[in-house]
Protein chains: 2
Amino acid sequence: MARPRSFDPDEVLDLARDVFWLKGFQGTSLDDITAATGLTKPSLYAAFGDKNALFLKVLDRYHAYIVGKAERIINDGPSAREAIRRWLTGFVPRCSGVKGSRGCLSVNTSVDGVTEQEVRKRIQAFNRKLEQLLRDRLRADRAQFADDFDPDAVAHTIMAIYQGLMVLAKDAPEAARVRATFDQAMKLLS
Amino acid sequence: MARPRSFDPDEVLDLARDVFWLKGFQGTSLDDITAATGLTKPSLYAAFGDKNALFLKVLDRYHAYIVGKAERIINDGPSAREAIRRWLTGFVPRCSGVKGSRGCLSVNTSVDGVTEQEVRKRIQAFNRKLEQLLRDRLRADRAQFADDFDPDAVAHTIMAIYQGLMVLAKDAPEAARVRATFDQAMKLLS
DNA sequence: CTCGTTATATACTATACAGTATATAATTCG
DNA sequence: CGAATTATATACTGTATAGTATATAACGAG
């Protein structure tokens with residue numbers, strides 16, 4: 001055939017993701033990306049298209065990872081309560097200062113002022129998907145909750161707490177505070 | 001003395017705020033601001049300094065407004081429960097699609113990837129201040145809650161829900177969903 | 001009215017940036 | 001080996017942008 005590429009596209013997407021995550025889409029220049037990945041601009045363009053297209057690929061990959069993990073944890077847990085508790089607990093490092101304070105790429109992008117329609121669509125689909133996982137699991141185990149339990153409202157509230165803690169992650173709070181907040185969220189599951 | 005300025009600084013700050021709010025700090029150009037305000041760049045610089053300084057003034061003004069309103073509502077309500085319910089209810093238009101879907105300028109800026117230390121400091125102070133108002137009010141009326149009620153954790157959780165709904169506001173949800181989420185938050189106050 | 005002072009308008013500069021044209025290197029297939 | 005093909009490197013282009021220099025307009029004090 002011809003000259004093979006000298007890089008693994010997925011690795012490059014992960015490196016680009018870290019830059020976008022840290023600096024935001026609007027705050028990231030192509031030179032930032034070339035510096036982080038070692039690729040030249042023509043290589044970037046040949047492999048991923050322009051800045052928007054690259055970012056969409058990064059975002060899709062990020063979303064797929066989070067959703068995949070959520071599907072496994074939320075669907076496989078022994079009960080809705082325990083499954084959701086486990087899922088939330090996994091975010092403690094991200095929401096506290098332990099794992100940097102970048103928060104969530106999707107949340108960051110959501111409020112970045114990016115007007116691109118495709119970006120909005122995917123974030124919306126991501127939010128819908130996560131909330132649906134929660135809602136479906138809560139509905140499935142509905143018998144375990146009180147009569148006035150509202151799976152839809154609780155699922156949405158958990159989403160709000162999740163996203164809110166991702167914003168507050170920027171302040172690098174202590175892990176104990178994050179855990180205490182998730183404990184409060186769990187009080188809604190009864 | 002000399003030629004008086006032809007504009008009201010506070011009005012200009014409000015117009016600039018709307019641009020930053022919509023497009024983000026990094027996504028806003030000075031030309032966007034001059035277009036929105038009708039001022040020329042030299043006038044902007046003379047009155048407010050450079051883009052960073054202007055933004056800090058905008059942010060301070062925004063924060064002062066929100067905090068001022070929160071102080072009144074949260075401290076004056078007949079009970080902690082009722083006060084916080086009223087305060088949250090006031091955000092329904094902002095958090096649903098009713099009043100645009102810009103969310104909260106402070107939340108947007110928090111995750112914008114802006115590295116400026118001053119910006120971070122003010123957002124942190126703003127978050128602390130709001131949470132403190134909630135916490136103090138909850139502590140003051142502590143007798144009205146159950147024995148295991150934890151004012152600090154609940155205050156932080158309400159903050160998370162507030163910020164989370166400001167993120168989800170970008171998806172322009174229905175007002176009923178927002179109200180249902182605040183209702184869930186109120187369940188933590190018992 | 002005239003002068004001093006401060007605001008505004010126009011036009012400019014330097015730089016950063018997204019994206020590309022052209023040249024060169026590496027690989028496979030014949 | 002050589003030709004075809006695809007990747008990479010270098011260097012460039014055009015534009016948007018933050019910030020400014022210079023000129024002019026509007027006001028108050030005397």
Side-chain angles (χ1 to χ4, degrees), chain A residues 1-60 105 108-109 112-119, chain B residues 1-59 108-109 112-119:
Chain A
M1 301 287 283
R3 180 173 180 174
R5 35 171 70 112
S6 63
F7 58 90
D8 173 16
D10 282 343
E11 277 175 22
V12 169
L13 285 179
D14 286 347
L15 290 168
R17 177 202 62 195
D18 289 342
V19 182
F20 283 127
W21 202 339
L22 196 67
K23 312 182 80 165
F25 176 77
Q26 313 212 60
T28 299
S29 73
L30 283 186
D31 289 338
D32 291 332
I33 308 262
T34 60
T37 61
L39 295 204
T40 60
K41 280 191 274 187
S43 293
L44 273 176
Y45 274 81
F48 308 105
D50 66 9
K51 193 184 168 190
N52 277 299
L54 168 63
F55 183 70
L56 281 178
K57 289 187 174 69
V58 164
L59 194 61
D60 282 345
L105 175 62
N108 295 359
T109 305
D112 191 359
V114 178
T115 53
E116 182 90 23
Q117 209 58 32
E118 278 306 310
V119 170
Chain B
M1 299 288 286
R3 181 174 178 173
R5 31 173 72 111
S6 63
F7 59 90
D8 174 15
D10 281 342
E11 277 175 23
V12 168
L13 285 178
D14 286 347
L15 290 168
R17 176 202 62 196
D18 288 343
V19 182
F20 283 126
W21 203 338
L22 196 68
K23 310 183 81 165
F25 176 77
Q26 314 212 59
T28 299
S29 73
L30 282 185
D31 288 339
D32 290 333
I33 308 263
T34 59
T37 61
L39 294 204
T40 61
K41 281 193 273 188
S43 293
L44 273 177
Y45 274 81
F48 308 105
D50 66 9
K51 192 184 168 190
N52 277 299
L54 167 63
F55 183 70
L56 281 177
K57 289 187 174 69
V58 164
L59 194 60
N108 296 0
T109 304
D112 190 2
V114 178
T115 54
E116 180 91 25
Q117 210 57 31
E118 279 306 309
V119 170

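Within every chain, numbering begins at 1; the chains are lettered A, B, ... in the order of the sequence lines, protein sequences first and strands thereafter.
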Nearest-Å distance, CG (A/L30) to C1' (D/dA16)?
15 Å

Measure from the side-chain heavy atoms of A/Y45 and tell me the nearest of D/dT10, C/dA18, D/dA18.
C/dA18

Salt bridge check, B/R17 against B/D14: does any charged N sit closer than 4.0 Å to a carboxylate O?
yes

Between B/L54 (CG) and D/dG19 (C1'), how many Å, whole number?
14 Å

Between D/dG19, C/dC17, D/dA9, which one does the side chain of A/D31 approach most closely?
C/dC17

Could you check how far CG of B/L44 sits from C1' of D/dT20, rounded to whole Å?
14 Å

Write down the distance between CD1 (A/I33) and P (C/dG19), rounded to a whole number of angstrom.
12 Å

What verdict does the side chain to side chain contact (heavy atoms under 4.5 Å, CB included) test give for B/F20 and B/I33, after you've listed the backbone C-alpha separation in whole Å, the side-chain angles of each residue and the deciding distance to 0.1 Å?
CA-CA 9 Å; B/F20 283 126; B/I33 308 263; 3.7 Å; yes

May I ask you to evaluate whether B/S6 reaches the phosphate of C/dT8, defined as a side-chain N or O under 4.0 Å from OP1 or OP2?
yes

Looking at C/dG19, D/dT17, C/dA9, which one has an atom nearest to any side-chain atom of A/K41?
C/dG19

Select from B/F7 and A/S29 the residue whose nearest nucleotide in DNA chain C is closer to the 5' end of that strand.
B/F7

Would you please confirm or rule out a distance under 4.0 Å between OP1 or OP2 of D/dA18 and any side-chain N or O of B/K51?
yes

Give one of base, sugar-phosphate or nothing for B/T34, where a contact means two heavy atoms less than 4.0 Å apart.
nothing

From CG of A/D32 across to C1' of C/dA16 the rounded distance in Å is 11 Å

Using side-chain heavy atoms (C-beta onward) and a distance below 4.5 Å, is B/L30 in contact with B/Y45?
yes

Side chain to side chain contact (heavy atoms under 4.5 Å, CB included) between A/F55 and A/T109, worked out:
CA-CA 10 Å; A/F55 183 70; A/T109 305; 3.5 Å; yes

Contact nearer the 5' end of DNA chain C, comparing A/P4 with A/P42:
A/P42

B/N52 vs B/L56, side chain to side chain contact (heavy atoms under 4.5 Å, CB included): CA-CA, chis, key distance, verdict:
CA-CA 6 Å; B/N52 277 299; B/L56 281 177; 5.6 Å; no

Are any of A/S43's side-chain N or O atoms less than 4.0 Å away from OP1 or OP2 of D/dA7?
no

